Enquirer: 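Supplied in structure tokens, the structure appears directly below.
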Amino acid sequence: MLAGSALAACTPRNDGRTRLRFWAMGSEATNVGQILPEFERLNPDIRVEVQALPWTAAHQKLLTAYAGASLPDVSQVGNTWVSEMTAIGAISPMPAEARDLLTDQFPAVLDTNSVNGRPMATPWYVDTRLIFYRTDLLRQAGYEAVPQDWAGWKQAMHAVKRVVGPDKYAVLLPLNEFEQLLTFGLQGDAPLLKDQDTRGNFSTPSFIAALEFYKSLFDEGLAPIASAAQISNVWTEFERGWFSFYFSGPWTIGDFKDRLSPGVQWMTAGVPGPTGPGASAPGGSSLVVYRSSPHQEAAWKLVRYLSEPRIQAVFNGVTGNLPARESAWAAPTVANDPYIAAFKGQLARAKAVPKVPEWERIVTEMQIVAERMVRGEFTPAAAAAEIDRRADRLLEKRRWMIEQGRAE
């Protein structure tokens with residue numbers, strides 16, 4: 001068992017060792033100290049000092065540190081931040097001698113961590129969203145598994161609603177979250193942005209079909225017209241059968257194991273698509289080395305250590321994070337957990353989202369328009385056109401920069 005602490009509160013600073021500053025967030029910051037003593041034993045000339053950041057403040061903290069020339073040597077980042085940190089020149093590209101870290105990885109996750117074909121970040125752990133569902137209620141409705149196409153899934157949802165009664169629902173799709181609609185929208189072949197990612201591409205037949213399917217779940221009484229703030233807590237409502245299908249990621253496995261009563265029967269399943277198993281967005285967190293670090297060699301040693309399949313399997317046991325390296329999924333802690341199994345297939349079908357710094361603002365606008373559509377203000381086609389209009393406005397500076405580059 002790897003144990004210990006990486007915080008260097010009492011270590012003298014004049015002992016000749018290289019000190020790496022490592023910023024991490026959430027449970028990773030809390031628990032990474034358990035796996036760092038072995039790294040320091042293998043590299044006695046390096047000391048790792050961990051600083052914990054809350055996820056809610058981490059993005060702004062990194063940008064402020066960049067502006068103030070005070071970035072750490074290494075940090076954890078959200079995958080969607082990689083393009084922005086690359087655009088401002090903060091990240092050191094992966095050196096040639098570290099390219100072996102790109103093997104044994106999920107392709108869509110690697111794509112998310114590359115910019116213009118150049119690897120800029122190293123996947124640390126992965127996640128994606130799929131379906132958590134009540135196996136007992138689905139079985140009462142006459143189904144042994146979640147149908148993997150939209151039409152079959154909707155039939156199953158209607159069957160579940162007949163079982164649970166008119167005051168309950170089949171699926172939870174909080175109107176203030178974009179992830180569920182984005183998952184539906186990823187099922188089409190058309191990209192979500194066009195013209196070198198300078199304009200929205202939401203008025204395609206496939207995305208309009210996604211909007212139609214999404215809206216129909218509310219129109220047919222299968223999903224409550226509610227935001228996440230209107231739900232006391234997910235596990236309580238899931239347990240009482242207020243909804244039976246729930247989109248979420250691997251972090252929910254631990255919550256449900258800890259909080260649901262033993263008699264509640266549940267499982268995970270892949271996302272249904274229009275005609276068969278569907279795609280979802282790759283998520284997770286990555287490791288980056290900053291250009292400003294004077295300790296590039298030591299920093300990449302740390303990234304390599306944290307990327308080892310054996311270490312990632314150990315970290316899964318500590319945090320529940322899904323390993324980025326596919327071979328680590330053979331470790332007993334991962335392979336023997338039935339709730340994790342569906343995630344591997346879902347990650348194999350993941351599709352990378354557009355890699356533009358404006359993406360998080362674009363999907364926020366998408367969610368706002370979609371809520372207005374659900375409430376009757378837009379048809380699906382009109383909603384798609386409105387999302388395009390808002391995306392085009394957000395991407396105006398990007399269009400200008402590309403046009404300037406062409407002019408030069």
Side-chain angles (χ1 to χ4, degrees), residues 59 78 80-81 83-84 128-129 150 153-154 157 169-231 243 245-249 271-274 278-283 351-399:
H59 180 260
T80 56
W81 307 350
S83 60
E84 180 181 17
T128 191
R129 291 175 187 253
W150 283 355
W153 185 35
K154 186 187 283 190
M157 284 193 272
Y169 298 88
V171 63
L172 179 64
L173 303 170
L175 288 171
N176 62 328
E177 296 179 2
F178 68 82
E179 289 88 355
Q180 296 85 357
L181 175 57
L182 174 61
T183 301
F184 295 149
L186 288 172
Q187 309 311 323
D189 293 331
L192 299 179
L193 299 180
K194 63 182 179 180
D195 299 342
Q196 294 182 271
D197 291 342
T198 63
R199 292 188 181 276
N201 197 36
F202 296 92
S203 295
T204 59
S206 63
F207 195 83
I208 292 174
L211 287 167
E212 290 171 344
F213 179 71
Y214 179 78
K215 184 174 185 294
S216 74
L217 300 178
F218 297 94
D219 292 346
E220 297 174 29
L222 297 172
I225 298 178
S227 70
Q230 294 172 269
I231 300 158
F243 58 87
F245 298 95
Y246 177 55
F247 277 85
S248 195
V271 172
S280 59
K351 287 185 179 179
V353 299
K355 289 172 282 189
V356 296
E358 301 87 356
W359 181 246
E360 292 189 18
R361 297 172 63 195
I362 290 171
V363 289
T364 298
E365 294 296 326
M366 178 189 74
Q367 169 261 314
I368 292 169
V369 173
E371 178 175 356
R372 292 168 63 181
M373 175 191 71
V374 167
R375 297 184 185 277
E377 188 170 338
F378 294 111
T379 65
E386 177 65 11
I387 298 168
D388 274 336
R389 186 186 71 78
R390 295 183 181 212
D392 289 353
R393 185 182 68 236
L394 290 170
L395 293 166
E396 184 176 8
K397 181 178 180 181
R398 181 175 175 83
R399 288 196 298 278

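Worth saying up front: this structure is predicted, and the values here are computed from it rather than measured. Note that the numbering runs from 1 along the sequence shown for the chain.
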Enquirer: Please name the pair of heavy atoms, one in A281 and one in L182, separated by the smallest distance, quoted to 0.1 Å.
Expert: CB-CD2, 4.4 Å
Enquirer: What's the spacing between R398 CZ and R199 CZ if we round to 0.5 Å?
Expert: 12.5 Å
Enquirer: Can you classify the ring geometry of Y214 versus F218 as parallel (below 30°), tilted (30 to 60°) or perpendicular (above 60°)?
Expert: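 The arrangement is perpendicular - the two ring planes meet at more than 60°.
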Enquirer: So which atom in F243 and which in V171 form the shortest heavy-atom distance, rounded to 0.1 Å?
Expert: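 Looking at all heavy atoms of both residues, the shortest contact is CB-C, 4.1 Å.
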Enquirer: Test salt bridge (charged side-chain N to carboxylate O under 4.0 Å, His left out) on E386 and R389; report intermediate values, then the result.
Expert: CA-CA 5 Å; E386 177 65 11; R389 186 186 71 78; 2.7 Å; yes
Enquirer: Answer yes or no: does atom CD of E396 have more than 12 heavy-atom neighbours from other residues, nucleotides or ligands under 6.0 Å?
Expert: no
Enquirer: Dump the intermediate steps for side chain to side chain contact (heavy atoms under 4.5 Å, CB included) on L173 and L181, then the final yes or no.
Expert: CA-CA 8 Å; L173 303 170; L181 175 57; over 6 Å; no
Enquirer: Are the side chains of K215 and L211 in contact, using a 4.5 Å heavy-atom criterion?
Expert: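 L211 vs K215: side chains apart.
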Enquirer: Donor-acceptor check, side chain of Q367 to backbone of L175, threshold 3.5 angstrom: yes or no?
Expert: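 Yes: the side chain of Q367 pairs with the backbone of L175.
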Enquirer: Nearest 0.5 Å, please: how far is CG in L222 from CG in L172?
Expert: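 Here the interatomic distance stands at 13.0 Å.
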Enquirer: Does a side-chain heavy-atom distance below 4.5 Å link N201 with D195?
Expert: no
Enquirer: Measuring only between side-chain heavy atoms, which start at C-beta, is L217 closer than 4.5 Å to F245?
Expert: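 Sidechains of F245 and L217: no contact.
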Enquirer: If you look only at distance, which donor and acceptor atoms sit under 3.5 Å apart when one is on a side chain in residues 354-362 and the other is two or more places apart or in another chain?
Expert:
residue	atom	partner	partner atom	Å
K355	NZ	D111	O	2.7
K355	NZ	D111	OD1	2.5
K355	NZ	S114	O	3.0
E360	OE2	T80	OG1	2.6

Enquirer: Atom CD of Q180 and atom OH of Y246: how far apart are they, to the nearest 0.5 Å?
Expert: 8.0 Å
Enquirer: Any side-chain to backbone donor/acceptor pair from S227 onto P174? Under 3.5 Å, distance only.
Expert: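 Here the side-chain-to-backbone pair does not exist.
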Enquirer: Is there a side-chain contact between I387 and F207 in this structure, where contact means two heavy atoms from C-beta onward sitting under 4.5 Å apart?
Expert: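 Touching, per the 4.5 Å side-chain cut-off.
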Enquirer: Of all the heavy-atom pairs spanning G200 and D388, show the shortest one and how long it is.
Expert: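 Minimum heavy-atom contact is C-OD1, 2.9 Å.
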Enquirer: Between T183 and T128, is a side chain to side chain contact (heavy atoms under 4.5 Å, CB included) present by the stated rule, with each step listed?
Expert: CA-CA 10 Å; T183 301; T128 191; over 6 Å; no
Enquirer: Could you pull out the closest heavy-atom pair between F202 and A391, with the gap in Å?
Expert: CE1-CB, 4.2 Å
Enquirer: Under the salt bridge (charged side-chain N to carboxylate O under 4.0 Å, His left out) rule, what do K154 and E220 come out as? Steps first, then yes or no, please.
Expert: CA-CA 10 Å; K154 186 187 283 190; E220 297 174 29; 3.0 Å; yes
Enquirer: Between R129 (side chain only) and S280 (backbone N and O only), is there a donor and an acceptor less than 3.5 Å apart?
Expert: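 Such a contact is absent between R129 side chain and S280 backbone.
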Enquirer: With a 4.5 Å limit on heavy-atom distance, are the side chains of V374 and I225 in contact?
Expert: yes
Enquirer: Angle class for the W153/F213 ring planes (parallel below 30°, perpendicular above 60°, tilted otherwise)?
Expert: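 If you compare the ring of W153 with that of F213, the planes turn out tilted.
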Enquirer: Would you say the side-chain atoms of K351 pair up with the backbone N or O of A279, donor to acceptor, closer than 3.5 Å?
Expert: no
Enquirer: Which pair of non-hydrogen atoms, one from L395 and one from T198, has the smallest distance, and what is that distance?
Expert: CB-O, 3.3 Å
Enquirer: Which atom names give the shortest non-hydrogen contact between T204 and A190, and what distance separates them?
Expert: CG2-CB, 3.8 Å
Enquirer: With side chain to side chain donor-acceptor pair (under 3.5 Å) as the rule and sequence neighbours excluded, what pairs involving residues 185-194 come up?
Expert: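 Applying side chain to side chain donor-acceptor pair (under 3.5 Å) to every pair that reaches into residues 185-194, excluding sequence neighbours, yields nothing.
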